Amino acid sequence: MNSILDNSIPVEWSLVDDTKEAFETFVKAHMKKAYFVALGLVGNHDDALELSQEAFSKAYQHRRSLNAQGKFYPWFYQILRNLCISHLRKRKHRRTLPMDMPDGQTLDVPSSPGFEPDAIAERNETKDLVWKAIGALEPKHREVIILRHFQNLSYEEMAQLLFCNKGTVTSRLYYARKRLKEVLEQEKGGQPV
Amino acid sequence: MTCRDNKDLMMAYLDGELDDKQTKMLQEHLAQCTQCSKELEEFKSLKSMTDNIVLSEPEDQVWQRYWDNVYNRVERGIGWMLMSMAGVCLAVFGGFKMVECIVTDPSVSLFLKVALLVMILGLSILLISIMRERLYFWKHDRYRHVRR
């Protein structure tokens with residue numbers, strides 16, 4: 001299996017072989033990876049599909065901005081994550097509360113809007129809770145959890161994707177897991193994880 | 001080494017990223033520090049819970065249609081770009097023709113013609129000023145090569 005950072009196919013596609021067939025080969029080689037990254041970041045199938053397809057379309061439009069020395073996947077990943085983060089920001093702003101709630105009643109606003117439980121396989125109560133808690137994390141924390149746990153990337157690979165050093169990855173993972181633990185404990189009514 | 005130094009080692013330990021020397025250092029610290037030891041156990045439990053989650057795979061049809069959808073997006077993107085460019089050209093041309101008609105029409109009062117030309121002059125100055133400002137900031141932006 002090729003490494004996630006393997007840039008042989010994309011650079012060929014981008015700079016040498018600019019045909020529709022080469023782009024098709026490239027999309028088909030990376031579509032699942034792109035979809036699952038987006039799914040981890042935005043939490044539901046429809047948005048993940050839409051955003052990952054949009055990222056490929058944008059990559060095609062801006063393919064000339066990648067130079068021959070550039071690693072392809074980190075470049076593509078930046079397009080994808082920026083689209084997902086921008087989408088999350090818009091979704092956050094779209095969340096509105098009805099104005100005519102009777103006095104004393106509160107609306108149960110989910111802490112992880114858009115994170116649908118059916119995005120995970122073989123569901124059970126614990127998995128649903130963890131998935132919900134991941135959805136409640138800040139995007140930068142959620143991102144490292146996804147890359148580590150769902151994409152199985154090493155720290156070195158994560159550092160290359162996030163354009164930072166391994167120390168930053170380690171530290172971000174620590175705070176992400178710490179926050180995840182706190183959110184889970186809150187969801188469990190104060191019980192330890 | 002402080003407990004804070006060991007937080008990062010703890011993460012790398014959980015994810016199998018430590019070498020033998022670092023593992024030994026961490027284990028020595030854990031043997032003495034109950035707080036870090038307890039925290040590591042909690043993180044182990046959390047990691048196991050998170051590792052158990054598997055994202056569900058979409059139906060085969062989704063993957064079969066995926067490329068077509070991407071291709072349609074690219075094609076439509078090119079269509080929109082060409083249409084926008086043509087739209088701008090037509091709007092500029094139409095605007096120019098409209099102004100020309102008004103200016104050369106003897107039935108339109110001189111006051112209206114002058115007002116129209118002054119408005120166009122004002123708009124042009126505004127446009128040039130904004131473009132010059134943008135260009136200046138772009139040239140002097142120290143962070144323009146920094147990835148956002």
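Proteins get letters first, then strands, A, B, ... in listed order; numbering begins at 1 in each. Bear in mind the structure is a predicted one, so any value in this text is a computation, not a measurement.
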Under 4.5 Å to a heavy atom of chain B? For A/Lys127 that would be both
Honestly, the part of B/Glu39 sitting under 4.5 Å from a heavy atom of chain A is side chain
Whatever's closer than 4.5 Å to a heavy atom in chain B on A/Ser171 counts as both
Quick one: do the A/Thr168 and A/Asn165 side chains pair a donor with an acceptor below 3.5 Å? yes
Looking only at A/Ser57, A/Ser154, A/Ala48, most heavy-atom pairs under 4.5 Å shared with chain B are made by A/Ser57
Answer key: most heavy-atom pairs under 4.5 Å with chain B among A/Arg148, A/Lys28, A/Lys166, A/Lys58 is A/Arg148
Distance col, row A/Leu51:CG vs A/Asn44:CG, nearest 0.5 angstrom, shows 9.0 Å
Comparing B/Met10, B/Arg76, B/Met81, B/Glu57 against chain A, the one with the most heavy-atom pairs below 4.5 Å turns out to be B/Glu57
query: Parallel, tilted or perpendicular: which fits the ring planes of A/Phe150 and A/Trp131, with parallel below 30° and perpendicular above 60°?
result: tilted
Ranked by heavy-atom pairs below 4.5 Å to chain B, first place among A/Met31, A/Glu54, A/His45 goes to A/Met31
Okay, A/Val130 and chain B: the region with an atom under 4.5 Å from a heavy atom over there is both
So, the part of A/Glu122 with a heavy atom under 4.5 Å from chain B: the answer is neither
query = In terms of side-chain geometry, is the basic nitrogen of B/Glu42 or A/Lys178 positioned less than 4.0 Å from the acidic oxygen of its partner?
reply = no
### Message
Tell me whether the rings of B/Trp63 and A/Phe36 are parallel (<30°), tilted (30 to 60°) or perpendicular (>60°).
### Response
tilted
Would A/Lys132 and A/Phe115 count as a cation-pi pair here, with the cationic atom under 6.0 angstrom from the ring centre and within 45° of the axis? no
Whatever's closer than 4.5 Å to a heavy atom in chain B on A/Arg123 counts as neither
Comparing B/Ile78, B/Asp15, B/Leu14, B/Asp8 against chain A, the one with the most heavy-atom pairs below 4.5 Å turns out to be B/Asp15
Would you please classify the geometry between the A/Phe23 ring and the A/Tyr60 ring as parallel, tilted or perpendicular, with 30° and 60° separating the classes?
-> tilted
Q. Is NZ or CZ of A/Lys33 both nearer than 6.0 Å to the six-membered ring centre of A/Tyr73 and within 45° of the ring axis?
A. yes
When the 4.5 angstrom heavy-atom criterion is applied to A/Lys32 and chain B, the contacting part is both
Q | Ionic contact status for B/Lys38 with B/Glu41, cut-off 4.0 Å | A | no
Honestly, the part of A/Asn124 sitting under 4.5 Å from a heavy atom of chain B is neither
Okay, A/Ile145 and chain B: the region with an atom under 4.5 Å from a heavy atom over there is side chain
| query | Do A/Glu182 and A/Arg179 pass the salt bridge (charged side-chain N to carboxylate O under 4.0 Å, His left out) test, and can you show the C-alpha distance, the side-chain angles, and the key distance before you say yes or no? | reply | CA-CA 5 Å; A/Glu182 285 167 4; A/Arg179 181 71 192 128; 3.1 Å; yes
Scored by heavy-atom pairs under 4.5 Å with chain A, the best of B/Asn69, B/Val54, B/Ile53 is B/Ile53
Greatest number of non-hydrogen atom pairs under 4.5 angstrom with chain A, of B/Val62, B/Asn72, B/Val70, falls to B/Val70
